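So the structure is just underneath, and the comments pick up after that.
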Amino acid sequence: MRRFGASNTVLLIICLMYLILYVDRVNISTAAPLIRADLDLSNTQLGLAFSAFAYPYALFQLIGGYFGDKFGARLTLFVSGLMVCAATAATGAVGGLASLFAARLALGIGEGATFPTATRAMATWVPEGRWGFAQGITHSSARIGNAVTPPLIAVLVGLVSWRGAFVLLALLSLIWVVVWLRYFRDVPTSPPLSAEELATLPVRSRSGAAEAVPWLKLFRRMLPVTAVDFCYGWTLWLFLSWIPSFFFQNYQQNLMQSAFYSAGVFLAGVIGDTLGGVVSDRILHRTGNRTAARRNVIVAGMLGGFLFLIPVMLVHDVNIAAISLAAAFFSVELVVAPIWAVPMDIAPKYSGSASGMMNFGFGVAGIISPLVFGFLIDRTGSWTLPFAGSICLLLLGAGLAFRMHPDRPFEAGPKA
């Protein structure tokens, strides 16, 4: 483990967390047709259950980021992980819309603090020149979770029913919680870091002292980034919530076929996440220009998503839809690494709170996007019309990206 490097080991454990969290987050999408039939739900009610996750998730972006900065990543992610385990297991025991809604609310609380707190951990344990790569590889792990979940759930449903599948996934989450608690420490030290590794980390990472967060000033500074993240998040929530059902209902695929197509779409996102981080860091290393490294990659990704979603609306062919959705998802996921690196660029001392403020936009999008998509399907009977909202918001997000200014460090002031 020491030869691999303690910093890389921490990054690997965080990658596993992202993977597991996304399996727990999107498993309901693959099981949705079965849950819908078993609980006798409409698409609008199912969309309401999807969005229940995002209400506390959005709120806990702010609260959780603060907890991560104040209490440290070790304790915050330990508690969050336990809540995720309990909520995932509870989903397997639901008896109707109310209990399903409550289980998803609990999952949103558990996952709400995780990504901002993980960003805090990465800002401490990962050298600054690898921040884009770190955000890219962790979110790639999340997309691997997206990709493996449809076939995994399809197999587990055949073995232990959809209810048993949620219980088994809860046990998987619990294993990660134990590993995290045993290995991670908030302040990097040598050992387990080598002296050479420790020297590559920012000096601030060697202190456990927490600084007061200048909330209002920091929130104003992060507001443009929050808006861009909302525009990105609208499309991501659409994919996470509805793509398996899109293939299942719009193209009359069976559960395994829809899982196969969905996995292909999500695997394209794995490549996009990794490539976005690598390209962003490479531009930064070559030019020293944070604006070009972050903003330009974000704009390119959003415009690509805009272009590739158009055929989904115009052509009714399952293979063309799958290819177009995969290309769109690849493009949109180029956004992830640079946009998560922006809070680290702007306010590294408050990276937990800053990234939470940014991802608040993603959480708000999660409240609205799945519900609106399900409502439009029920009202219009069309599975393609709701994609128009994503197309418009991707264009808006590309324009708003010019207001982020990752090259301008946040100054808290002498009394902060």
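These numbers were taken from a predicted model, which means no experiment stands behind them.
- A distance-only check finds a donor-acceptor pair linking the side chain of Arg163 to the backbone of Gly92 [under 3.5 Å].
- Taking the six-membered ring for Trp and thresholds of 30 and 60 degrees, His316 and Tyr251 have nearly parallel ring planes, at less than 30 degrees apart.
- Under a 3.5 Å cut-off, the side chain of Arg36 and the backbone N or O of Leu41 do form a donor-acceptor pair.
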(message) Could you go through Thr124 and Val187, starting from their C-alpha distance and side-chain angles, then the distance that decides it, and tell me whether this counts as side-chain contact (heavy atoms from CB on, under 4.5 Å)?
(response) CA-CA 8 Å; Thr124 302; Val187 180; over 6 Å; no
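- Residue Ile391 holds its CD1 atom at 8.0 Å from CG of Leu394, rounded to the nearest 0.5 Å.
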(request) Evaluate side-chain hydrogen bond (donor to acceptor under 3.5 Å, both in side chains) for Thr149 paired with Asn27, printing each intermediate quantity in order. (result) CA-CA 6 Å; Thr149 298; Asn27 48 23; over 6 Å; no
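- A salt bridge between Asp186 and Arg120 is absent, with no side-chain N of the basic residue lying under 4.0 Å from a carboxylate O of the acidic one.
- Of the possible polar contacts, one joining the Ser140 side chain to the Val270 backbone as a donor-acceptor pair under 3.5 Å is found.
- Ring geometry for Trp125 versus Phe184: interplanar angle of 30 to 60°, hence tilted.
- Judged purely by atom type and a 3.5 angstrom limit, Thr138 uses its side chain to pair as donor or acceptor with the backbone of Gln135.
- Counting all heavy atoms, side chain and backbone alike, Pro406 lies closest to Ile346 at CA-CG1, 4.0 Å.
- Aromatic ring centres of Phe266 and Phe329: separated by under 6.0 Å.
- Ring to ring, Phe246 and Phe387 are close: their centroids are under 6.0 angstrom apart.
- Sparse packing is recorded around CZ of Phe260, with 12 or fewer heavy atoms of other residues, nucleotides or ligands lying under 6.0 Å away.
- Summarising the local packing, OH of Tyr18 is surrounded by more than 12 heavy atoms from other residues, nucleotides or ligands at distances under 6.0 Å.
- Between the OG1 atom in Thr384 and the CD1 atom in Ile310 there is a gap of 13.0 Å [rounded to 0.5 Å].
- Arg143 contributes no side-chain N or O that, together with a main-chain N or O of Ile271, makes up a donor-acceptor pair within less than 3.5 Å.
- Using a 30° and 60° split on the angle between ring planes, Phe166 and Trp162 fall in the perpendicular class, above 60°.
- A donor-acceptor pair under 3.5 Å links the side-chain atoms of Ser369 to the main chain of Trp234, judged by distance alone.
- The backbone N or O of Ser355 sits nowhere less than 3.5 Å from a side-chain atom of Thr119 that would complete a donor-acceptor pair.
- Note: Tyr261 and Phe247 have parallel aromatic rings, judged against thresholds of 30 and 60 degrees for the angle between ring planes.
- Remark: Asp281 engages Arg294 in a salt bridge, criterion side-chain N to carboxylate O under 4.0 Å.
- In terms of the side chain to side chain contact (heavy atoms under 4.5 Å, CB included) criterion, residue partners of Val148 (sequence neighbours excluded) are, by chain and number, Val23, Ile144.
- In this structure, Phe67 has its ring center at least 6.0 angstrom away from the ring center of Phe60.
- Geometric assessment of Arg25 against the ring of Phe239 yields a negative cation-pi assignment under the 6.0 Å and 45° thresholds.
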(request) Evaluate side-chain contact (heavy atoms from CB on, under 4.5 Å) for Asn43 paired with Phe373, printing each intermediate quantity in order. (result) CA-CA 9 Å; Asn43 283 311; Phe373 196 90; over 6 Å; no
(message) For Glu333 and Tyr232: C-alpha separation, side-chain torsions, deciding distance, then whether side-chain hydrogen bond (donor to acceptor under 3.5 Å, both in side chains) applies.
(response) CA-CA 9 Å; Glu333 288 303 280; Tyr232 155 77; 2.8 Å; yes
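- A donor-acceptor distance shorter than 3.5 angstrom exists from the side chain of Trp131 to the backbone of Val126, with no hydrogens or angles considered.
- Side-chain atoms of Thr226 come within 3.5 Å of backbone atoms of Met357 as a donor-acceptor pair (strictly under, hydrogens ignored).
- Heavy atoms only, all atoms of each residue included: Thr44 and Gly374 are closest at OG1-O, 3.9 Å.
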(request) Could you walk me through whether Tyr66 and Tyr350 pass the ring-ring contact (aromatic ring centres under 6.0 Å, His included) test, one step at a time? (result) CA-CA 9 Å; Tyr66 169 76; Tyr350 315 107; over 10 Å; no
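- With contacts defined as side-chain heavy-atom distances shorter than 4.5 Å, the pair Leu284/Asn289 does not qualify.
- Ring centers of Trp237 and Phe50: at least 6.0 Å apart, outside the cut-off.
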(message) As a quick check of understanding, evaluate side-chain contact (heavy atoms from CB on, under 4.5 Å) for Val157 and Ile153, giving each step before the final call.
(response) CA-CA 6 Å; Val157 165; Ile153 294 298; 3.8 Å; yes
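- Ser245 contributes no side-chain N or O that, together with a main-chain N or O of Phe248, makes up a donor-acceptor pair within less than 3.5 Å.
- Using a 30° and 60° split on the angle between ring planes, His139 and Trp340 fall in the tilted class, from 30° to 60°.
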